[in-house]
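For clarity, every value in this text was computed on a predicted model and none was experimentally measured.
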Amino acid sequence: MRGAGVGAMFQVVFSADGMVPRNYRDLAASDDARYALFRHALLERGVHVDAVGSACWFVSAALTDDDVSAACTAVDAAFVLLAGV
């Protein structure tokens, strides 16, 4: 998985080679099934993200430090789950 973006906008992409997508072909070749598992694991932990793996994520300025901490904890747990798949 690689994350890339500017400021509060970023993208989460699971690529076979672990590299940041550089063009549309790279993005189209991303692992949508793994992203779906990741998204589902986050949903189970109370974090809603876009269902489309190629969509950008945005961090809201309204989030509290506790919100960010909870989201990071959920992401860590989702990665642990994916490591076992």
Side-chain angles (χ1 to χ4, degrees):
M1 192 280 300
R2 294 291 294 202
V6 176
M9 181 180 81
F10 64 98
Q11 200 170 20
V12 174
V13 177
F14 290 91
S15 61
D17 60 6
M19 299 302 294
V20 174
R22 299 203 190 290
N23 55 48
Y24 179 76
R25 286 186 194 98
D26 291 349
L27 190 58
S30 64
D31 190 341
D32 292 333
R34 186 163 289 281
Y35 179 85
L37 289 171
F38 179 66
R39 178 179 180 269
H40 185 73
L42 291 177
L43 282 171
E44 287 180 332
R45 289 158 180 81
V47 177
H48 180 272
V49 297
D50 201 298
V52 179
S54 61
C56 288
W57 295 17
F58 299 87
V59 179
S60 171
L63 293 174
T64 66
D65 288 345
D66 289 341
D67 294 331
V68 173
S69 180
C72 289
T73 298
V75 168
D76 288 344
F79 280 139
V80 169
L81 177 83
L82 286 177
V85 173

Any donor-acceptor pair under 3.5 Å linking the side chain of Arg45 with the backbone of Val75?
-> no
Sub-3.5 Å donor-acceptor pair from the side chain of Arg39 to the main-chain atoms of Gly53, do we have one?
-> no
Given side chains that start at C-beta, do those of Leu37 and Leu81 come closer than 4.5 Å, heavy atoms only?
-> no
Closest non-hydrogen atoms of Asp50 and Tyr35, given as atom of the first, atom of the second and distance, are O-OH, 2.7 Å
May I ask you to check whether over 12 heavy atoms, not counting those of Asp65, lie within 6.0 Å of atom CG?
-> no
Do the rings of Phe14 and Phe38 sit parallel, tilted or perpendicular, given the 30° and 60° boundaries?
-> perpendicular
Is a donor on one side and an acceptor on the other found under 3.5 Å between the side chain of Thr73 and the backbone of Ser69?
-> yes
Work out which heavy atom in Ala62 is nearest to a heavy atom in Asp67; give both atom names and the distance.
-> O-OD2, 4.3 Å
Going by heavy atoms in the side chains, are Gln11 and Leu27 under 4.5 Å from each other?
-> yes
Does Phe79 share a hydrophobic cluster with Leu43, counting links as ILVMFWY side-chain heavy atoms below 4.5 Å and allowing steps through other members?
-> no
For Trp57 and Leu42 the tightest heavy-atom approach is CH2-CD1, 4.0 Å
Measure across Ala71 and Val47 and return the closest heavy-atom pair with its distance rounded to 0.1 Å.
-> CA-CG2, 4.0 Å
Locate the shortest heavy-atom distance separating Pro21 from Val13; write the atom from each residue and the value.
-> CG-CG1, 3.7 Å
